[in-house]
2 protein chains.
Amino acid sequence: MAEATIRDVARRAKVSVASVSRALNGLNNVRQATRDRVIAAANELGYVPHAGARSLSLSRANALGVVLPDLHGEFFSELVRGMDREASRRGYFLLLSNMHAEGDQAPTALRAMHGRVDGILVMAPHVPPEMLEQALPSTLPALLINAPVEVPTRPSIRIDNEAGAQAAIRHLVGIGCRRILHIAGPEENIDARERAEGYFKAMARYAPGIEPLLFPGNFEEEAGEAAARDMLSDRRGVDGVFAANDMMAIGCLQTLRAAGVQVPDEVAIAGFDDVPMARYLSLTTCRVRIAEIGERAVARLVDRLEGKIERVLNERHQPELVVRGTTAGANSDEMAEHGL
Amino acid sequence: MAEATIRDVARRAKVSVASVSRALNGLNNVRQATRDRVIAAANELGYVPHAGARSLSLSRANALGVVLPDLHGEFFSELVRGMDREASRRGYFLLLSNMHAEGDQAPTALRAMHGRVDGILVMAPHVPPEMLEQALPSTLPALLINAPVEVPTRPSIRIDNEAGAQAAIRHLVGIGCRRILHIAGPEENIDARERAEGYFKAMARYAPGIEPLLFPGNFEEEAGEAAARDMLSDRRGVDGVFAANDMMAIGCLQTLRAAGVQVPDEVAIAGFDDVPMARYLSLTTCRVRIAEIGERAVARLVDRLEGKIERVLNERHQPELVVRGTTAGANSDEMAEHGL
DNA sequence: TTGTAAGCGTTATCAA
DNA sequence: TTGATAACGCTTACAA
């Protein structure tokens with residue numbers, strides 16, 4: 001049998017479709033007896049309202065589009081988990097569309113969302129802003145997550161990468177590191193660029209006169225391994241490593257340890273993100289509460305959809321330095337307490 | 001300005017809406033000149049078809065509903081990643097709805113999908129089958145992932161937990177373990193139950209006469225730690241551990257090692273899942289290719305939606321034993337090669 | 001309090 | 001090859 005429609009219910013309850021709609025949506029201009037009849041009929045028929053038709057009529061879909069690049073494990077799930085949590089709290093569905101980093105999939109994915117979502121959450125750390133601006137349907141409210149730059153006209157939420165990097169360097173210097181190497185992320189990635197920027201600024205500030213050392217990476221574990229091998233062949237006096245993300249920090253850590261280098265005694269290591277593995281390897285890192293970012297993103301978008309005006313347009317998520325074994329030198333706590 | 005509709009395009013191109021629809025959808029019964037005019041007009045107006053209206057008219061939404069419980073990190077993202085990959089390949093969107101383990105959210109979530117998706121993928125390892133069957137809209141094609149039992153009328157995809165458990169035990173016995181402890185998962189979880197079942201069967205088969213040892217757990221790391229503490233206080237001759245998932249295996253491993261127990265020499269440990277961390281900790285485990293399950297699930301559902309009949313109704317995903325350091329005894333490879 | 005009917009933005013049928 | 005027009009399933013004026 002085909003699914004029952006509102007007309008079937010109306011027929012069965014011997015009322016008009018309008019009354020069915022009113023009764024089922026809890027409007028008060030309907031007699032109790034009528035409402036009861038309608039509800040009974042709906043139950044008997046196993047009637048479920050057709051969300052598509054409903055949203056066409058109401059011109060709102062109660063769904064949010066989520067456009068993400070190919071993300072690495074934890075980052076993806078945490079982000080979506082946070083979004084989902086807040087979305088279901090607010091009564092919205094999430095419509096997912098991964099766009100693969102390359103290609104011109106972004107515009108396509110965004111267009112296809114028109115008419116099925118009320119707003120979109122876009123994460124595109126690699127897409128140039130003008131391309132993004134062009135691809136975004138002008139009428140569809142959007143919130144940008146980690147966009148390469150703050151598009152002035154679009155609300156956004158970003159990680160405060162510089163603050164995180166500064167905290168990490170400050171801490172490394174605080175436990176006595178001087179020649180600190182930065183394993184950088186991919187150049188086209190805004191987070192990577194900002195973390196490097198934070199590194200340079202922090203070095204100038206906390207370790208003035210000491211020349212910064214950069215090793216180019218790509219956020220993959222192998223890059224950290226490569227950096228470690230490089231150090232093993234020519235140490236250049238490096239006594240600290242700040243990697244642009246945890247995976248590279250982990251690669252570096254494992255390779256150094258395997259070669260017999262004492263961490264943190266000879267070389268201290270800090271990462272960025274606080275992936276679950278960081279805790280197991282006791283890696284010092286800048287914690288990014290990804291789920292929280294997802295929640296905030298949804299909350300802000302829904303607020304806007306529901307007419308609440310925003311005070312802040314561009315929000316920054318503050319990472320939190322988590323000190324663990326890879327930097328926990330003998331007297332680190334004490335030194336940290338003394339402000340450096 | 002409001003979004004342009006098909007009527008605006010029609011007006012601008014001086015044709016009927018029917019022609020616009022035909023032209024834009026690539027039907028061939030439209031003159032080239034007309035098509036050009038329509039396309040030009042559409043571009044000028046920045047016209048994007050309204051997916052909701054389209055799907056109402058076509059009575060198909062090009063979207064799949066995904067109903068998942070609260071999953072732990074890697075499992076969730078891998079599953080969704082696999083689904084998304086296949087879905088975008090096939091031209092479908094994913095509509096996400098986490099249902100939280102408790103509550104009667106399942107029926108609600110499922111109902112709300114009516115009219116916005118063409119089929120649903122449901123994962124509900126904890127929901128009793130009759131409740132599930134009742135909640136599933138009878139007209140909406142569904143594919144069950146890890147359902148508690150194979151509902152005969154519903155296609156499903158499951159992990160072959162028994163096979164995985166048997167392989168693990170066989171391997172442990174093969175490297176010389178005899179008194180093997182099983183750290184079980186939650187009782188209401190079908191995977192956990194099947195893994196325990198596999199453990200019992202395999203013990204009877206590969207270590208006949210040796211009494212099985214069970215420690216109740218809940219898939220959380222802490223349960224593994226508790227099991228380890230239990231062993232530390234009373235070893236009972238345990239020389240092998242098979243945990244129902246990696247997290248518990250990891251908890252056990254860390255706690256034993258911290259207490260100075262040599263793994264694998266004194267106690268060998270194997271888990272289940274092959275979470276990313278397993279590789280770092282060199283944990284032997286049964287690999288479940290989660291993304292692959294997601295892909296298969298989408299592929300099968302879409303096939304069905306598109307009229308391809310299925311030969312297999314209930315499919316089992318075969319885990320693969322991955323031997324690593326926590327069981328790699330001196331002569332394990334050799335013994336494994338000799339078939340035991 | 002109820003019913004009739006006009007939308008919402010498409011596609012598809014049927015004539016022309 | 002085109003255009004009117006009736007669906008699709010719902011909500012909501014407007015009338016009664």
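Computed from heavy atoms alone, side chains included, the values below leave out hydrogens, waters and symmetry copies. In the text below, chain A, chain B and the rest are named by the order of the sequence lines, each starting its count at 1.
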Participant: From CG of L45(B) over to C1' of dG9(C), roughly how many Å is that when rounded to an integer?
Facilitator: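 These atoms are roughly 15 Å apart.
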Participant: Give one of base, sugar-phosphate or nothing for V48(B), where a contact means two heavy atoms less than 4.0 Å apart.
Facilitator: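 Since only primed, P, OP1 and OP2 atoms lie under 4.0 Å of V48(B), the category is sugar-phosphate.
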Participant: Rounded to the nearest Å, what distance is computed from the CZ atom of residue R60(B) to the P atom of nucleotide dT11(C)?
Facilitator: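 The distance from CZ of R60(B) to P of dT11(C) comes to 12 Å, rounded to the nearest Å.
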Participant: Please work out if S19(A) contacts a base, only the sugar-phosphate, or nothing of the nucleic acid, heavy-atom cut-off 4.0 Å.
Facilitator: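 Touches sugar-phosphate only.
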Participant: May I ask you to verify if any side-chain N or O of R54(A) is less than 4.0 angstrom from the OP1 or OP2 atom of dT11(D)?
Facilitator: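 The answer is yes; a side-chain N or O of R54(A) sits under 4.0 Å from OP1 or OP2.
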Participant: With nearest nucleotides of DNA chain C determined for G52(B) and L27(B) from heavy-atom distances, which residue corresponds to the more 5′ nucleotide?
Facilitator: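 It is G52(B), whose closest nucleotide lies nearer the 5' terminus.
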Participant: Taking 4.0 angstrom as the limit, do D303(B) and R90(B) come out as a salt bridge?
Facilitator: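 Salt bridge between D303(B) and R90(B), a charged N being under 4.0 Å from a carboxylate O: yes.
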Participant: Between N25(B) and R54(B), does any side-chain donor sit less than 3.5 Å from a side-chain acceptor?
Facilitator: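 R54(B) and N25(B) do have a side-chain donor-acceptor pair below 3.5 Å.
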Participant: Could you point out which residue of L144(A), N146(A), L121(A), I293(A) forms a side-chain contact (heavy atoms from CB on, under 4.5 Å) with I157(A)?
Facilitator: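 Only one of L144(A), N146(A), L121(A), I293(A) forms a side-chain contact (heavy atoms from CB on, under 4.5 Å) with I157(A), namely I293(A).
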Participant: Looking at S59(B), I'd like to know whether one of its side-chain N or O atoms comes within less than 4.0 Å of OP1 or OP2 on dC8(D).
Facilitator: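 No.
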Participant: Can you check the R37(B) CZ to dT1(D) P distance for me, whole Å?
Facilitator: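 Checked: the CZ to P distance equals 14 Å.
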Participant: From dT1(D), dA5(C), dT2(C), pick the nucleotide closest to the side chain of R31(A)?
Facilitator: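 Nucleotide nearest to R31(A)'s side chain: dT2(C).
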Participant: How close or far is atom P of dT2(D) from atom CG of D36(B), stated in whole angstroms?
Facilitator: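 Distance check: D36(B) CG to dT2(D) P gives 11 Å.
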Participant: Give T5(A) one of three labels, base, sugar-phosphate or nothing, depending on what nucleic acid heavy atoms sit under 4.0 Å from its own.
Facilitator: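 Here T5(A) touches the backbone only, sparing every base.
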Participant: What's the shortest heavy-atom distance between Y47(A) and I6(A), and which atoms?
Facilitator: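 Nearest heavy atoms, Y47(A) then I6(A): CE1-N, 3.5 Å.
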Participant: Would you say a side-chain N or O of S57(A) is under 4.0 Å from OP1 or OP2 of dG9(D)?
Facilitator: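 Checking dG9(D) against S57(A), no side-chain N or O comes under 4.0 Å of OP1 or OP2.
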Participant: Compare the minimum distances between each of dT2(C), dG9(D), dA12(C) and the side chain of A53(A), then state the nucleotide with the smallest one.
Facilitator: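 The answer is dG9(D).
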Participant: Atom CD of E3(A) and atom C1' of dG9(D): how far apart are they, to the nearest Å?
Facilitator: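 Rounded to the whole Å, the gap is 12 Å.
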Participant: For N28(A) and for V17(A), find the nucleotide of DNA chain C with the closest heavy atom, then tell me which residue's nucleotide is more 5'.
Facilitator: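 Nearest-nucleotide comparison on DNA chain C picks N28(A).
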Participant: Of the candidate nucleotides dT2(D), dG9(C), dT4(C), which contains the atom at the shortest distance from the side chain of A18(A)?
Facilitator: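 Among the listed nucleotides, the one closest to the side chain of A18(A) is dT4(C).
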Participant: Measure from the side chain of T34(A), starting at C-beta and using heavy atoms only, and say which of dC10(D), dG3(D), dT2(C) lies closest.
Facilitator: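 Closest nucleotide to the T34(A) side chain: dT2(C).
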Participant: Considering non-hydrogen atoms only, spot the tightest contact between S55(B) and A61(B) and give its length.
Facilitator: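 So the minimum-distance heavy-atom pair works out to CB-CA, 3.6 Å.
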Participant: Starting at CZ of R7(B) and ending at P of dA6(C), how long is that distance when rounded to a whole Å?
Facilitator: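 Rounded to whole Å, this separation is 14 Å.
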Participant: Would you kindly give the CG-to-P distance between L24(B) and dG9(C), to the nearest whole Å?
Facilitator: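 Rounding to the nearest Å, CG of L24(B) and P of dG9(C) are 16 Å apart.
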Participant: Is K308(B) atom NZ crowded by more than 12 heavy atoms from other residues, nucleotides or ligands, each under 6.0 Å away?
Facilitator: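 Counting neighbours around NZ of K308(B), more than 12 heavy atoms of other residues, nucleotides or ligands fall under 6.0 Å, so yes.
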Participant: Using whole Å, report how far CG of L58(A) lies from P of dG9(D).
Facilitator: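 L58(A) atom CG is separated from dG9(D) atom P by 16 Å.
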Participant: Could you please name the option among dT2(C), dG9(C), dT11(D) that lies closest to any side-chain atom of N25(A)?
Facilitator: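 Given the options dT2(C), dG9(C), dT11(D), the side chain of N25(A) is closest to dT11(D).
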